[in-house]
Q: 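If you scroll down you'll find the structure; I have some questions about it.
Naming: A, B, ... by sequence-line order, numbering from 1 per chain. Note that the structure is predicted; figures quoted are calculated from it, not measured.
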There are 2 protein chains.
Amino acid sequence: MSRKNKESEHNLPTLADVATRAGVSTATVSRCLNSPGQVQQGTRDRVMAAVQDLGYSPNFGARALAARRTKTIGAIIPTMENAIFARAIQAFQEELHKSGVTLLVSSSSYRQDVEEDQIRTLVARGADGLLLIGHDRSPAIYQFLANRGVPVLICWAYDPSVARLSIGFDNRRAMAGLAAEVLALGHRNIGIISAEFEGNDRARARVSGVQDAMRAQGLDPTTADLIETPYSIENGANALREMMQNSPRPSAVICGNDVLAVGAVQMARALGLAVPGDVSITGFDDIELARVVDPPLTTVHVPHRDMGRQAARLLVDMVAGHPARDSVLLETNLCLRGTLGPPPGSVADS
Amino acid sequence: MSRKNKESEHNLPTLADVATRAGVSTATVSRCLNSPGQVQQGTRDRVMAAVQDLGYSPNFGARALAARRTKTIGAIIPTMENAIFARAIQAFQEELHKSGVTLLVSSSSYRQDVEEDQIRTLVARGADGLLLIGHDRSPAIYQFLANRGVPVLICWAYDPSVARLSIGFDNRRAMAGLAAEVLALGHRNIGIISAEFEGNDRARARVSGVQDAMRAQGLDPTTADLIETPYSIENGANALREMMQNSPRPSAVICGNDVLAVGAVQMARALGLAVPGDVSITGFDDIELARVVDPPLTTVHVPHRDMGRQAARLLVDMVAGHPARDSVLLETNLCLRGTLGPPPGSVADS
DNA sequence: GAGGTCAATGTAAGCGCTTACATATTTTCA
DNA sequence: TGAAAATATGTAAGCGCTTACATTGACCTC
């Protein structure tokens, strides 16, 4: 009951073809490909020559099926559309490549349901491990992953209160540091433009950081003007416009990331407001955009490349059965640039 | 000689487990999953319940092996690090998703050897089709793809002189249009900052476009100052600095893309040159960055999202055996913004 | 009511690989 | 020099699916 080979069909060379041509068994060919050390030089040469001649390349599905691993790691990022995740992912991929691991990337558009789908898809495709951004997701999906025995590394967040292994920075503390700087200049009317909280623990932590800093100064955090909006330049711009209609008007607007901040800066200028003369604006991430906008953005530098690289090493180890003992905390640092100044009418200013 | 099941091992439910639990054969379960119409309602319900109960999800490798297709399409882009390709890929993925196709993305860092590796990897992984950027690559690799019967769609380029199916725009004509605009303002000393030519037909085509426009004005294209450098803001900046040391100094610098142009604008300002008062600068692509820089960049708008979306549809059709008849030409349009003005000392200027 | 059609399901043969175990060959050293 | 140890290769059993073909039974049609 053999499947008919329609003449039209492509018939690629298989391991068996290579074996025949090289005059060895399929096992030997397989070994040449996977652990060449086990095969004698002469035999190996013969096999490799056959591989070349035939233009053989192994069938991934068969290999995955037989070996029960895929040398594949999956990553799901919220978006590819701006540079926030791109640099980290690029570094992640480069590092994985060194270990012969392939990366599969999907983007979830910041939607939890989409992300869950993608997690399932990646696992079904045999991802040996997964890189995810932030901790926020349903217990059910973590349970699923645990059942499947798929190691997961969380990045972009470091939160010692969560047991899961992660590599990242302390969003809350980093933002608190920036906010402290803002408050130290004398700003008292603070605006916050954040990403939407739902499903985004980083965004919440950053806002908490601002609130921490306010409390530390004896200010009431609830007096801060808060707008939640999806990350985009345009949304940042709109949020700033809205915020500037309030009274009292914030003299400093702290944004959840650089993309929002860039939009805010542009809108401020469009409204005829000087930055930082009339309003100070800060970002978070220090992506390329931060230096392109005029004036350059005061922001928090996140070691994206480093995070990506280290994440790759950790995850490769985890897949190999050497789970890291502890989460990794990376340091961020403040980039004080042109968009932050003293509030209008302050002593330093007059 | 059965493989021992070490007790420690995860043993996921298989199709057979589902079949047993539902009291049907594996074939029926398979049909429920792949072509539910063929199965009676009652049976199907029973099977689906079993799938739920067991938390079954199909093994990708086995499926690919047996079905000889993967519902996967691969794409290789030169870089993820800036936004040039991100928008198109995002749209590409969203559209593929509608057809139940998974996207695998790799980036080649603009290196041909890396790209060939990745092509082979993706094919080995069973990609049913491939999306590639530009035409430039070795005949050997095209031959390989043809042997394997893997359909390929080229994007980012439209060149009727090449037989391969593509979707894109006419880089040469688009750039010629922009250059004509520059020349019409009276610029005669032209600088060109391009990506490196090797392996990048788009870059070459764009420079040819500038030369076409010069010839059309009776100018000698070889008088243009040309610098080739990899795409990055920093490289754009360095190239501009270098160019400004020449004499005569260009009054307009046409850049191969927005990333280079943004770097050029920033360097011009750092050098104390007014843009466009002292030097005009143009880009290509119209990515977000183009509007963020001050003044906003004169550039060529490329319909990235549309290209991505249409590419997905075409490729899905090709994989299904309905190859498109012709390459698709998309229109670009000029975005005349702040960085382009008349040359210094021109009548309009004085 | 015999023969034919059609729909629903079952049977079982692979898909192309890896790897445990068996076998053959060479090396080592008491 | 011979037995044990190490090394190289072969044998063949799956890995978890899909699907061609076989089977079954319900329903028509003349």
Side-chain angles (χ1 to χ4, degrees), chain A residues 1-6 9-47 50-51 54-71 123-126 148, chain B residues 1-6 9-47 50-51 54-71 123-126 148:
Chain A
M1 198 192 298
S2 98
R3 197 172 312 236
K4 302 282 188 333
N5 275 329
K6 299 174 209 127
E9 249 171 38
H10 277 274
N11 258 344
L12 300 177
T14 69
L15 235 214
D17 298 331
V18 175
T20 307
R21 180 175 249 261
V24 298
S25 73
T26 59
T28 300
V29 177
S30 178
R31 282 190 281 256
C32 277
L33 267 28
N34 298 305
S35 38
Q38 287 177 37
V39 179
Q40 218 161 20
Q41 182 71 52
T43 316
R44 202 193 315 161
D45 292 346
R46 216 148 16 97
V47 170
V51 166
L54 262 38
Y56 168 78
S57 94
N59 176 305
F60 171 78
R63 179 175 264 190
L65 185 55
R68 297 151 144 257
R69 64 184 155 58
T70 57
K71 296 282 250 171
V123 169
R125 296 185 66 90
R148 287 309 225 240
Chain B
M1 200 191 297
S2 99
R3 197 172 311 236
K4 302 281 186 337
N5 274 329
K6 299 175 208 127
E9 248 171 38
H10 277 273
N11 258 344
L12 299 178
T14 70
L15 235 214
D17 298 332
V18 176
T20 307
R21 182 174 247 261
V24 299
S25 74
T26 60
T28 299
V29 178
S30 178
R31 282 190 281 257
C32 277
L33 267 28
N34 298 304
S35 39
Q38 285 178 37
V39 180
Q40 217 160 23
Q41 182 70 53
T43 315
R44 202 192 316 160
D45 292 347
R46 216 148 17 98
V47 170
V51 166
L54 263 37
Y56 168 78
S57 93
N59 176 306
F60 172 78
R63 181 175 263 189
L65 185 55
R68 296 151 143 256
R69 65 185 154 59
T70 56
K71 295 282 248 170
V123 169
R125 296 185 66 91
R148 283 324 228 225

Q: For a quick test of reading the model: is some side-chain N or O of Arg68(B) closer than 4.0 Å to OP1 or OP2 of dG16(C)?
A: yes

Q: My understanding is that only residues two or more places apart in sequence, or in another chain, count here; which of them pass side-chain hydrogen bond (donor to acceptor under 3.5 Å, both in side chains) with Thr43(A)?
A: none

Q: Roughly, in whole Å, what's the span from CG in Leu54(A) to P in dG16(C)?
A: 14 Å

Q: Can you list, in residue-number order, the parts of residues 56-64 of chain A that come under 4.0 Å of DNA chain C, counting heavy atoms only?
A: Tyr56(A), Pro58(A), Asn59(A), Ala62(A), Arg63(A)

Q: Ala67(A) has a side chain; which of dG16(C), dT11(D), dT18(C) sits nearest to it?
A: dT18(C)

Q: List, one per line, each side-chain donor-acceptor pair under 3.5 Å for residues 18-28 of chain A, sequence neighbours excluded.
A:
{"residue": "Thr20(A)", "atom": "OG1", "partner": "Ala16(A)", "partner atom": "O", "Å": "2.8"}
{"residue": "Arg21(A)", "atom": "NH1", "partner": "Asp53(A)", "partner atom": "OD2", "Å": "2.6"}
{"residue": "Ser25(A)", "atom": "OG", "partner": "Ala27(A)", "partner atom": "N", "Å": "3.4"}
{"residue": "Ser25(A)", "atom": "OG", "partner": "Thr28(A)", "partner atom": "N", "Å": "3.4"}
{"residue": "Ser25(A)", "atom": "OG", "partner": "Thr28(A)", "partner atom": "OG1", "Å": "3.4"}

Q: Output the rounded distance in Å from CG (Leu65(A)) to P (dT18(D)).
A: 12 Å

Q: Please round to the nearest 0.5 Å and tell me the distance separating atom CG of Asn59(A) and atom CG of Leu65(B).
A: 6.0 Å

Q: Who are the side chain to side chain contact (heavy atoms under 4.5 Å, CB included) partners of Asp45(B), not counting sequence neighbours?
A: Gln41(B)

Q: Report, one pair per line, the protein and nucleotides 5-8 of chain C atoms (nitrogen or oxygen only) whose separation is under 3.5 Å.
A:
{"residue": "dA8(C)", "atom": "O3'", "partner": "Gln40(B)", "partner atom": "OE1", "Å": "3.4"}

Q: In whole angstrom, what separates Leu15(A)'s CG from dT11(D)'s C1'?
A: 15 Å

Q: Mind checking side chain to side chain contact (heavy atoms under 4.5 Å, CB included) for Pro36(A) and listing every partner two or more places apart, or none if nothing turns up?
A: Arg44(A)

Q: Test of understanding: with side-chain hydrogen bond (donor to acceptor under 3.5 Å, both in side chains), list the residues that count as partners of Gln40(B), not counting sequence neighbours.
A: none

Q: What integer distance in Å separates Gln41(B):CD from dT9(C):P?
A: 11 Å

Q: Please give, in whole Å, the distance from dC17(C) C1' to Asp17(A) CG?
A: 13 Å

Q: Under the side chain to side chain contact (heavy atoms under 4.5 Å, CB included) rule, collect the residues that match up with Arg63(B), sequence neighbours excluded.
A: Leu33(B), Asn34(B), Pro58(B)

Q: Tell me whether the side-chain N/O atoms of Ser25(B) come closer than 4.0 Å to OP1 or OP2 in dG10(C).
A: yes

Q: Please list, by residue number, the residues of residues 27-35 of chain A whose heavy atoms come closer than 4.0 Å to an atom of DNA chain D; answer none if no residue qualifies.
A: Ala27(A), Thr28(A), Arg31(A)

Q: Show every salt bridge (charged side-chain N to carboxylate O under 4.0 Å, His left out) that has at least one partner inside residues 22-34 of chain A, sequence neighbours left out.
A: none

Q: For the helix from dG1(C)-dC30(D) to dA30(C)-dT1(D), what angle lies between the axis at the first five pairs and the axis at the last five pairs, to 10 degrees?
A: 30°

